[in-house]
Amino acid sequence: MGAELQHLLRGQRLDGYPRPAPQTMPELLALCEKERAQGWTHHFSDHSTALAVPIRNFTGQVIAAINISGPDPVMNADGVMEALLSELKQTSTEIMRQVGGI
């Protein structure tokens with residue numbers, strides 16, 4: 001994955017995005033590995049927050065993703081992201097069950 005990502009982003013600057021976005025390729029690779037291991041991702045940009053989880057086929061390959069996003073004041077309220085992440089994971093599991101994924 002690392003080599004593919006480096007090839008895809010060759011010549012692109014990462015340091016033009018505000019933190020918490022990764023500023024270097026090693027930071028981006030570490031973030032991708034962390035999110036792959038935890039099984040979900042979150043993204044902050046321009047006063048909004050998004051959560052996403054993968055949809056996998058029967059071999060475990062990611063074939064799609066589902067996400068939800070909203071304004072920071074809503075998404076960052078107590079317990080909201082945790083509840084939405086739980087719902088996303090349940091929905092992802094149901095979709096994978098229906099399409100023969102794992």
Side-chain angles (χ1 to χ4, degrees):
M1 168 71 182
E4 291 174 16
L5 187 57
Q6 288 178 341
H7 178 72
L8 179 66
L9 296 176
R10 185 178 313 172
Q12 299 296 314
R13 292 189 58 175
L14 298 176
D15 61 354
Y17 298 95
R19 292 234 179 243
Q23 302 294 300
T24 65
M25 184 57 68
E27 287 179 11
L28 178 59
L29 293 172
L31 178 62
C32 288
E33 187 57 39
K34 174 188 169 231
E35 291 175 343
R36 184 179 297 113
Q38 74 186 11
W40 59 276
T41 185
H42 68 279
H43 178 74
F44 305 100
S45 74
D46 299 332
H47 311 291
S48 66
T49 299
L51 299 169
V53 297
I55 306 291
R56 299 179 184 276
N57 67 11
F58 69 96
T59 68
Q61 178 185 13
V62 175
I63 57 170
I66 56 173
N67 72 7
I68 190 167
S69 62
D72 287 341
V74 172
M75 297 294 284
N76 294 324
D78 286 343
V80 170
M81 282 206 295
E82 294 82 2
L84 292 174
L85 183 58
S86 177
E87 290 293 327
L88 278 174
K89 287 178 179 180
Q90 289 176 15
T91 302
S92 173
T93 299
E94 180 60 21
I95 292 169
M96 288 186 290
R97 186 188 66 72
Q98 290 184 21
V99 299
I102 60 172

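All values below were derived from every heavy atom in this structure, side-chain atoms included, with hydrogens, water molecules and symmetry-related copies excluded.
Residues I55 and I66 are in side-chain contact: their nearest non-hydrogen atoms beyond the backbone lie under 4.5 Å apart.
Legend: salt bridge (Lys or Arg N to Asp or Glu O under 4.0 Å) pairs involving residues 21-33, not counting sequence neighbours, sorted by first then second residue: R19-E27, E33-R36.
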Could you give the side-chain donor-acceptor pairs of residues 68-75 under 3.5 Å, partners two or more places apart or in another chain?
unit_1, atom_1, unit_2, atom_2, d
D72, OD1, S48, N, 3.4
D72, OD1, T49, N, 3.3
D72, OD1, T49, OG1, 2.6

Quiz: residues 83-91 side-chain donor-acceptor pairs under 3.5 angstrom, not counting sequence neighbours:
unit_1, atom_1, unit_2, atom_2, d
T91, OG1, E87, O, 2.9

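In this structure, the side-chain hydrogen bond (donor to acceptor under 3.5 Å, both in side chains) partners of E94, at least two apart in sequence or on a different chain, are R97, Q98. In this structure S92 satisfies the side-chain hydrogen bond (donor to acceptor under 3.5 Å, both in side chains) test with no other residue, sequence neighbours excluded. Shown here are the side-chain hydrogen bond (donor to acceptor under 3.5 Å, both in side chains) partners of Q23, two or more places apart in sequence or in another chain: there are none.
The aromatic rings of F44 and H42 sit perpendicular, their planes meeting at an angle over 60°, well past the 30° parallel limit.
Clustering ILVMFWY residues whenever any of their side-chain heavy atoms sit less than 4.5 angstrom apart, transitively, puts V53 in the very cluster that holds I63.
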